[in-house]
Amino acid sequence: MTASVPPFSEIAVAAKAWPGPAWLTGARQAALDRFALAGLPTTRLEAWRTTPLPDFGTALGPGAPSAGGQGAAVVAPFRSHGAVTLVFVDGFHSAELSSPESEWPKGVRLSPLSRLLATAPEEALAWLTVDAAFSGALHDLNTAAFRDGATIVVEDGVQVPVELRVILAATHGDRPVAEHVRHHVQVGRGSSLRLTVAVLGAPDALGFINNRTTVAMAESSRLDLVRVHESPAGVPHFDALAATLGAKAEFTDTVLQTGPSWTRSEIEIALVGERASADLGGVFVARGNQMSDIHTLLSHQAPGVISRQNYRGLAADDARGVFHGQIRVEALARGADAVQNNRNMLLSKRAQVHSTPALEIQTDDVKCKHGSATGQIDQAQLFYLRSRGIDPKDATLMLTRAFAGEILSRVTAAETRELVEAQIAPSLEALGVAA
Amino acid sequence: MLRITDLHAKAGDKPILKGLSLSVNGGEVHAIMGPNGSGKSTLAHVLAGRPGYTVTGGEVLYKSSPLFDMAPEVRAREGVFLAYQYPVELPGVSNLYFLRSALNAIRRHRGESEMDAMDFLAIAKEKARFVELDETLVKRNVNEGFSGGEKKRNEIFQMAVLEPSLAILDETDSGLDIDALRIVAKGVNRLRSEDRAMIVVTHYQRLLEYIVPDFVHVLIDGKIALSGGKDLALELESKGYEWLEKEPVQARG
Amino acid sequence: MTEPLPPSPSESSRLLADLTSAEYAAGFVTDIASDAIPAGLSEDVVKLISAKKGEPEWLLDFRLRAFRNWQAMPVPEWARVHYPPIDFQSIVYYSAPKQKLDGPKSLAEVDPKLLETYEKLGVPLHERAALAGVAVDAVFDSVSVATTFKDKLHEVGVIFCSFSEAVREHPELVKKYLGTVVPYSDNFYAALNSAVFSDGSFCYIPKGVKCPMELSTYFRINAKNTGQFERTLIIADDDAAVSYLEGCTAPMRDENQLHAAVVELVAHENARIKYSTVQNWYPGDKDGKGGIYNFVTKRGACRGHNSKISWTQVETGSAITWKYPSCILQGDNSVGEFYSVALANNRQQADTGTKMIHIGKNTRSTIVSKGISAGHGQNTYRGLVKIGKNAEGARNYSQCDSLLLGPHCGAHTFPYIDVQDPTAQMEHEATTSKISDDQIFYFQSRGLSTEDAVSMIVNGFCKEVIKELPMEFAVEAQKLLGLSLEGSVG
């Protein structure tokens, strides 16, 4: 793959006309040059060994703002009186579907990135340019072609009382479009925030979502993040989250990856402040020809930091699931405590799971362990349920629901919990179980 | 209710049951005793339809229908209940949800209407008191983190809710202290009725002091070596099983 | 309430004060005239090696195909090991102690200096002095100098001899199996070995024979600037069983030397092969100068039903160890095992592990890997468990534990797990631990020295693996672990 492929040059040409400060145009051009050099990742790269990219067709070109349309229906279940929503349709902010600004909580500077770049671009300069944690072609593509996203800045000492929701909706247009979206979340000293990010779409939507979030957490801040990845079959979804945790910052993330599309989530957490802690969990439910991939990298860089990871996967039909979890403990991270757990359930003869729980440790003063187990549904449990009169199909659903349920139970806010339970239910019910 | 004729069965590749015959009528309690490895648990598992066991000969009629034609869940819906020696844990599956699903599967099978959550909760509470099962355990995940005694009581609690026609208790006394044993036995005794038969599988006579059987059968090497009344259990308690293993004795009683 | 943060490294390292480093006991040089060819590698060198050994045409063909393949291969860089590029033209690919043209006919003809060398290494070759019940093939630089107990083994039909002899005496067997488990195109160093291998051990256990004694090969690198490229081929026919041991040492030299061996095992129906290694190549000095690059391809094929291959390795030596003894579980119900202790002290680097490829039904594998890192050592476990589409009922259990001694070393675990069958069950667990001050103090308060404490803790850590070794080796391995760690913990 080279830059001569039309959609990329299309990006290059289009980007010239996009408004923005010179430093951004420069950064876009540099990213595009790197992308042209590297091309799209292939399975020859170690990080992509088990995850072939889908055929994007012509779906790499950026779209244009559209009028609501299907967006309203897609977003509907996620709109709520209890939460403040920021909605993006086909990669562009939709004021119409978002909560009115009058409802935005105090102490939080909330802005669509497009607006920020038009009004106060210097505020984005810091994190748009130092954001070097990511590398790779799809990250460069995002930098080259993003148009919008959410910027959320919680000032120091603010406990945000409402949940914020950022919702991406892909709709069906006259041609497939790529949505390169960029979010930035900053949580001030001693502040706390609950945030849900959902990637959704109309069933007949076509395109590609390249969603990228950076999180910066100041000392003693707290962020509870819940992410729902359910993009439609025709919209492959690449997702990247990079968080930097200051001293005593507490970060939780729960990702539910149920979308029928090709989905890959990269989660990169840097614990840079003393005693920072990250508690991560997620579950993928993969069926049909789906490919569901979760890659994590937890980098322990300061004394006394703690990390927990609990990831699970269900793979049915011809689906393929990937978990690659890397724990890195640097020499400075004395007393680091890292635990990682991965469990996968295979529900058909043709489903596959690749699990790579990796440890890289550079000091002796650590507590570190990981476990990984893959197998079929527990036959003794299944029989127990049947011997009480429950038919095999219901018994299986009961057990897969319980398996995924342990991840859902991480979501403690009642309304959000109900939302994610409702969201995952159809995927679990649709899991084909074959002998 | 249950007629077993010349039953042969293997656990894995190993022949365990070698021509077992037994008849059980409604209202009767039959105790199956015998030394380790004689096939007591195999009999219980074969009747419940557990995978890993193969029936190689003989016939079992349950309510006049061939039992082995029924899938495990169909047997359960027809009223066969196995109280396990080692009940499995079901992390993430709540006891109430599980049991209501089971009860409703049975009710649907009988053409009865399903029970809603509120009505069911009332019944569950009543039955939990019945076996002195702590209400908090009723609400927890099935057997998850339960002690040995709590698991056994949970089995009897399920039996009380599902009201089977034929209950098979597989070594329900194993691992129980005397207080727990008494509670479990009390629960079982309250479930004895004219239209319900029970097969109590046990290694020791102890349980039979509390659940007094109508008949006692001694299983030796996959066959019933001796049958008798409740006194036979006492005889076995004093004499052990060895004398029966040496020479087959004709059935008495 | 928060717990106090752990002490800074300076405090803990006070405990890890330097003691005098233990001398590498096998580091002497044998002064013996050798017949070596000039350094460098070309088709002519490959032909020359083949000619020196008087090989048949088909073997030369095999070598040349391997050589051409190797030339086109890139140098692999994926392992977590760092070393300057190897100049393959500066290596001597053949060096043999000077002796009678077609090798010694019996021990009496072997140069006494060689016998003395092995005596000094604790491997006496005179049968009456030899370890009871262990037959030894002694490989010195590029050639096998002696094989003991050959006649006794011959009585039961076991063939145990040098690779060169096998090519002469049993060409049909060599031809049938050579390169069938590790094809010459497998990887860079396997290709290089296939082109230039000079000698090694061959062993064939016929149908139904349980080999009456342990078979063993002792590898010794002596000459300077020489690479050692030996090849081992072990075949256990139906219902046969064999236990095979391998030991290795080299002199202390400032230059790095390359050891690139290939080991192929074939187990037919119901056959059992147990392969044990105690690897003590010169590890280099405290600052990482010198030492052996141990880049080895070891693989076993469980071809028959119910066959079993078990690898046990204790890796204390080498500057760099890079190897993955693996099992291809083709036969139904076949079993693969991998037990490993790898130690990386000073500047040593180890990237080792295994591959368990489950193909047949109900195949089972067990992996127990214990990594010990000390000084600036870097220890990596890298493994693959692959359960194929038709491997119904396959089971794997893996356990990878790391012990870190000191704040400057590293322990890394990269288990790759690919499962393609729903009835398979695989479980992987890994932990990392250190020796705590409390533990050391406990030993001290009972009157034991710090060194005793460390050695006891390390031996406890490795117990599961050591117990898999044959008795004579287990004692040796324990001693070696203690010696290799001396000076790393104070």
Side-chain angles (χ1 to χ4, degrees), chain A residues 46 49-50 248 274-275 302-304 315-316 320-324 326-329 331-332 334-336 338-379 433-435, chain C residues 2-9 12-13 16 78 80 373-374 378-387 389-390 392 395-436:
Chain A
E46 179 62 24
R49 191 178 65 95
T50 48
K248 293 183 193 157
E274 286 192 8
R275 300 181 197 271
R320 196 198 287 194
V322 175
F323 173 75
H324 185 109
Q326 199 153 337
I327 292 174
R328 198 175 276 167
V329 180
L332 276 172
R334 295 190 315 278
V339 179
Q340 180 192 72
N341 206 310
N342 175 233
R343 284 181 62 194
N344 302 293
M345 209 186 260
L346 283 176
L347 297 166
S348 97
K349 190 79 194 138
R350 300 175 311 276
Q352 298 180 33
V353 165
H354 306 267
S355 170
T356 311
L359 298 176
E360 281 181 276
I361 293 160
Q362 295 292 6
T363 181
D364 64 338
D365 195 1
V366 295
K367 271 189 270 181
C368 209
K369 63 178 179 190
H370 66 196
S372 172
T374 299
Q376 63 182 343
I377 213 156
D378 187 303
Q379 297 301 301
V433 178
Chain C
T2 46
E3 302 256 312
L5 287 173
S8 64
S12 349
S13 57
L16 307 175
W78 46 264
R80 206 180 186 288
S373 313
Q378 295 289 331
N379 209 328
T380 301
Y381 168 82
R382 189 184 302 277
L384 170 68
V385 175
K386 190 181 171 85
I387 296 182
K389 286 208 172 303
N390 298 311
E392 279 162 30
R395 298 274 179 278
N396 162 267
Y397 174 75
S398 309
Q399 185 193 335
C400 301
D401 297 325
S402 303
L403 185 66
L404 292 123
L405 307 175
H408 306 297
C409 55
H412 318 289
T413 313
F414 301 104
Y416 295 79
I417 300 155
D418 293 351
V419 184
Q420 305 188 353
D421 187 281
T423 62
Q425 256 181 39
M426 73 73 37
E427 245 180 279
H428 170 95
E429 283 172 37
T431 60
T432 301
S433 55
K434 65 164 189 164
I435 298 182
S436 72

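Looking at C:R395, neither its backbone nor its side chain comes within 4.5 Å of chain A, counting heavy atoms on both sides. Only the side chain of A:Q326 comes within less than 4.5 Å of a heavy atom in chain C; its backbone stays farther off. Only the side chain of A:E46 comes within contact range of chain C, with at least one heavy atom under 4.5 Å from a heavy atom of that chain. Looking at C:A430, the atoms closer than 4.5 Å to chain A (heavy atoms on both sides) sit in the backbone and in the side chain alike. For a residue to count as touching a neighbouring chain, one of its non-hydrogen atoms must lie under 4.5 Å from one of that chain's; by this rule C:Q378 touches chain A with the side chain only. Only the side chain of A:R49 comes within less than 4.5 Å of a heavy atom in chain C; its backbone stays farther off.
Of the listed residues (C:T423, C:L384, C:V419), the greatest number of heavy-atom pairs within a distance under 4.5 Å of chain A belongs to C:V419. Counting heavy-atom pairs closer than 4.5 Å to chain C, the top residue among A:R343, A:K369, A:E360 is A:E360. For the set A:G375, A:A338, A:G321, the count of heavy-atom pairs under 4.5 angstrom toward chain C peaks at A:G375.
How far CD of A:Q362 is from SG of C:C409: 8.5 Å, rounded to the nearest 0.5 Å. For the atom pair CG of A:L346 and CE of C:M426, the computed distance is 11.5 Å after rounding to the nearest 0.5 Å. Separating the NE2 atom in C:H428 from the OG atom in A:S355 is a distance of 8.0 Å, to the nearest 0.5 Å.
No hydrogens or angles considered: nothing links the side chains of C:Q425 and A:Q376 as a donor-acceptor pair under 3.5 Å.
Put simply, the side chain of C:H412 gets close to the backbone of A:I361: a donor and an acceptor are under 3.5 Å apart. Without hydrogens or angle criteria, A:K349 side chain to C:K389 main chain gives a donor-acceptor distance under 3.5 Å.
Within the 4.5 Å cutoff, the side chain of C:D418 has no heavy atoms near those of the A:Q352 side chain. Counting heavy atoms from C-beta on, the side chains of C:I417 and A:S372 come closer than 4.5 Å. Contact check for C:Q420 versus A:R350: no side-chain heavy atoms found under the 4.5 Å cut-off. A 4.5 Å side-chain heavy-atom check between C:T432 and A:L359 finds at least one atom pair inside the cut-off.
Shortest non-hydrogen contact noted between C:P415 and A:P357 is CD-O, 2.8 Å.
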Does A:H370 form a side chain to side chain contact (heavy atoms under 4.5 Å, CB included) with C:T413? I'd like the steps, not just the answer.
CA-CA 10 Å; A:H370 66 196; C:T413 313; 4.2 Å; yes
